[in-house]
Structure formats: C-alpha cells, structure tokens
Amino acid sequence: MPHPAVPTNLCLNGLVIKPGERVLTRLVISRLPSGTVIDIPVHVFRSGEPGPTVLLMAGMHGDEVNGIETIRRMIRRDLLQPLRGTIIAVPILNIYGFLNFSREVPDGKDVNRSFPGNPRGSLASRVAHRFMREIMPLIDYGIDFHTGGAARANIPQIRCLLHQDAETDALAAAFGAPFTLHAALRPGSLREAAMQQGRRIIVYETGESLRLDEGGIDLAIAGTFRLLHHLGMAPAAAPTLTPSVVCMRSTWLRARFAGLFRSLVQLGQYVEKGQVYGSVADPYGETAVRLEAPVAGYIIGLNHMPVVNQGDALVHLGRTDAAPSRLDHAAPFEEKPRLPATDLHEEDDEEIAGEELK
C-alpha cells in the first residue's frame, strides 16, 4: 500500500497522535449491569518516519490467553518501537469474555462472527462496530492472535487466504510459523471485513484456551518481528530454522462412538493413511474402537479431553496432498456451530471409525 512521503497525524478515539509519540487510549464499549465501565486499552507506537500501520491484536475470544500474553510481553519489554510507520497493539478486544473466562460476550455471541458490526445490534456486534469505526481505517496489515478451544490444542500455525493475494502470501512467509494453513474467509470474521476494505490480516494460532503455551508464545514474538522486518519496521530478526509446512486444506477427524479417547499421536506428527492415531473405549472395560486415519496429513490440532461424545472433533489433519477426498465436503469445524446438525456427518463417520477391538 502507498504511504505518504512524510508522516502525518493519526486520529484515534478523539485523540490526535503525532509521529514519534507513544499513547495508551481506551475505547469505552459499554457498562456492566453494576455500572462498571468496560473499555478496551489500545497502545499506539509511532515512528517519526512514514511507513505502514500494523495491528497486533489478541483476546478476540476472551479465554484465548496466549495471544494476550504475547502482546503483553512485547509491550512490557518495550519491543514495539517501529523504525518507521505505526504499530497499534490491542492485547484484549473481548474484555467481557476475558473477565468471565469465556470465548463469547455475555449474550453468547462470537465477536469474530459479528463484523462489520452494528452500533444498535447485539453486544458482540457493538464491539465489532467500534473496532471497525476506530481502528480498521488506520491499519494496513495485522496479526490476529488466537488459540485452540477448551482442551483442543493447535500447533503454532498461521492461517490465511493463500495463493490468492500476493501481499497476504508474503506476510505469511515472513512470519515463518512451523505450519501455514490455507483458511477460507468466514462470514462475519475480522479477516473478511479487513479484506473487503483492502487490508490484510493473518491469524496466528497456538496452544489451547486458558493455558499458556510458552513455546508458541516465543514463536509468536519471533514471527511478529520477522513480519515487521519484512515491512521495514524492525531490524533483522532471527530466521526460521526449518521452512513452514504449507497445508492447502485440513480435515477434522471425529469420534463415531462416545467414551474415553486415548491419543497415540502428537502435535506436528505426520500420519499415513490407515495409521492408528488413537482409540475410543467404553469406561467399563468391555469394548474399544481403534481409530485409523482415513487420509494422510500432519497433526495440527489435537483434542486433549479424554471423555468424548459422538461427533466430537479428535484430531485436526493438515494436508499437503493435491487430491481431494469426500472428507473435504464436510462443514468446517467451529467451536460453537451455528446449527448443531452440521456438527456430525454420517458420511465422514464411516471413514473415521476404524476396527473394533475385543
């Protein structure tokens, strides 16, 4: 994106922020029923030199603490001083969810399915609208930090729309996460809203909700500075030791039977088609079902919950093969599906079940 030859003032939340300034402002969203004001702290770090504006944001889902901790550490260590341009850092967008250890806001809605929002809509929609009004017009690029869900861990990975936009591809490559996953734009998501306005946002995922993943946090910080260096906003950063594994699609393997799930694989492991990746057993010692992978792929997500229900997502396979299978026609996994009926597909179950053991 073109940038002015000289730095200009930036207006945010009624403030005029000049080149070279560092400012903390708070976007007032609403009040709790008790009357307590809920606001979103926003840190702005400006260089005296013109350049792009990059958003670093976490806490879209209030229980996803790894991104919050990633941005907190960069702020605390005074690392966000751009050589040119501007960095806008939002450690927690969903303050409501953070206070309640929850993914959603109190009305049960997902902020990341509520963009571009509505000032007279639901609480999630109002949060999204305030972000779109105050912050989105200012940014050129962004990293949105996320984690897996409750007891579902993700290996460190970048998710973005691959091979359709050169700038997005370049951001993902510069970040250099262990895995890069092609992810279509979801309706109502931040990425979709940003793309519609010509702005590029990539998503970084690591670990699970309400658990700190130290390795994933370190990789997030290193990847952020590689991306900033790519944009000319930070000095040279440590290169990646191994190239990122690019997965153009992924498949969630689900439980055909309820019971006790035991995994025989680890995050990052490659499994062959037909390889046993775990088992589901009844709690009384009578039967067990061996689980075989219907396709080959890398373990990019893993359910750590031992007690599973029929249809629960067990293993997320990132796939590098070119030939699609009928598993690709299943609806994408969501933490809270809009329609429960889309959470389980009988066609998929036959491929996932494996062989019963006595």
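No hydrogens, no waters, no symmetry mates; every other heavy atom, side chains included, goes into these values. Just so you know, residue 1 is the first one in the sequence shown, and it goes up from there.
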Which residues pass the salt bridge (charged side-chain N to carboxylate O under 4.0 Å, His left out) test with Arg191, not counting sequence neighbours? none

Are side-chain heavy atoms of Cys160 and Leu171 found at a separation under 4.5 Å? no

Could you report the tightest heavy-atom contact between Val280 and Phe261, atom names first, then the distance? CG2-CD1, 4.2 Å

Donor-acceptor side-chain pairing of His61 and Asp110 below 3.5 angstrom: yes

Verify the distance criterion only: is there a donor paired with an acceptor across the side chains of Thr180 and Ser244 at less than 3.5 Å? yes

Side chain to side chain contact (heavy atoms under 4.5 Å, CB included) involving Leu241 - partner list, sequence neighbours excluded: none

Sorted by chain and number, sequence neighbours left out, salt bridge (charged side-chain N to carboxylate O under 4.0 Å, His left out) with Asp165 holds for Arg200

What do you reckon, is CZ of Phe179 surrounded by more than 12 foreign heavy atoms closer than 6.0 Å? yes

Can a side-chain donor-acceptor contact be found between Ser102 and Asp63 if the only test is distance below 3.5 angstrom? no

Atom CD of Glu214 with >12 non-hydrogen neighbours under 6.0 angstrom: yes

Report yes if some heavy atom in the side chain of Arg113 is under 4.5 Å from a heavy atom in the side chain of Ser189; otherwise report no. yes

Going by side chain to side chain contact (heavy atoms under 4.5 Å, CB included), name the residues that satisfy it together with Leu83, two or more places apart in sequence or in a different chain. Pro235

Hydrophobic side-chain clustering at under 4.5 Å (ILVMFWY, transitive links): who's grouped with Met248? Put none if nobody. Leu162, Val246

Quick check on Met132: does its CE atom have over 12 non-hydrogen neighbours (other residues, nucleotides or ligands) under 6.0 Å away? yes

Residues which pass side chain to side chain contact (heavy atoms under 4.5 Å, CB included) with Asn66, listed by chain and number, not counting sequence neighbours: Thr147, Thr206, Leu212, Asp213, Ile217

Sequence-distant partners of Glu192, salt bridge (charged side-chain N to carboxylate O under 4.0 Å, His left out), two or more places apart: none

Taking the side chain as every heavy atom from C-beta outward, state whether Arg130 and Asn13 have any atom pair closer than 4.5 Å. yes

Kindly write out the residues that satisfy ring pair (Phe, Tyr, Trp, His ring centres under 6.0 Å) with Tyr270, not counting sequence neighbours, or none if the list is empty. Tyr298

Any donor-acceptor N or O pair under 3.5 Å, side chains Arg254, Asn309: no

Contacts of Tyr96 that satisfy side chain to side chain contact (heavy atoms under 4.5 Å, CB included) - sequence neighbours left out: Ile29, Ser30, Leu32, Ile38, Asn94, Val105, Pro106, Leu123

Note: Gly117 and Ala128 closest approach over all heavy atoms is CA-CB, 4.0 Å

Could you tell me which residues satisfy salt bridge (charged side-chain N to carboxylate O under 4.0 Å, His left out) with Asp78, sequence neighbours excluded, listed by chain and number? Arg22

So, for Ala153 and Leu267, which heavy atoms are closest and what is the spacing to 0.1 Å? O-CD2, 3.7 Å

Does any part of the side chain of Leu56, heavy atoms only, come nearer than 4.5 Å to the side chain of Met74, both counted from C-beta? yes

Of the non-hydrogen atoms in Thr53 and Leu138, which two are nearest, and what is the gap between them? CB-O, 3.2 Å

Taking every non-hydrogen atom, the tightest pair across Thr320 and Cys247: CG2-SG, 4.3 Å

Indicate yes or no: at least one non-hydrogen side-chain atom of Leu314 is less than 4.5 angstrom from one of Tyr277. yes

Return yes when atom CZ of Arg84 has more than 12 non-hydrogen atoms of other residues, nucleotides or ligands closer than 6.0 Å, and no otherwise. yes

From the options Gln157, Arg159, Glu205, Glu64, select the one residue that forms a side-chain hydrogen bond (donor to acceptor under 3.5 Å, both in side chains) with His146. Glu64

Kindly state each residue pair satisfying side chain to side chain donor-acceptor pair (under 3.5 Å) with at least one member in residues 36-46, sequence neighbours excluded. Ser34-Thr36, Arg46-Thr86

Is the backbone of Ala58 close enough, under 3.5 Å, to the side chain of Asp144 for a donor and an acceptor to pair up by distance? no

Determine whether Met57 and Leu99 fall in the same hydrophobic cluster, where Ile, Leu, Val, Met, Phe, Trp and Tyr are linked whenever their side-chain heavy atoms lie under 4.5 Å apart. yes

Side-chain heavy atoms of Leu228 within contact of Ile87, under 4.5 Å: yes

My understanding is that only residues two or more places apart in sequence, or in another chain, count here; which of them pass ring pair (Phe, Tyr, Trp, His ring centres under 6.0 Å) with Phe175? Tyr204

Do other residues, nucleotides or ligands put more than 12 heavy atoms under 6.0 Å from Arg262 CZ? no

Report yes if the side chains of Phe225 and Leu79 come closer than 4.5 Å at any heavy-atom pair, otherwise no. yes

Side-chain contact, heavy-atom cut-off 4.5 Å: Ser263 with Ile299? no

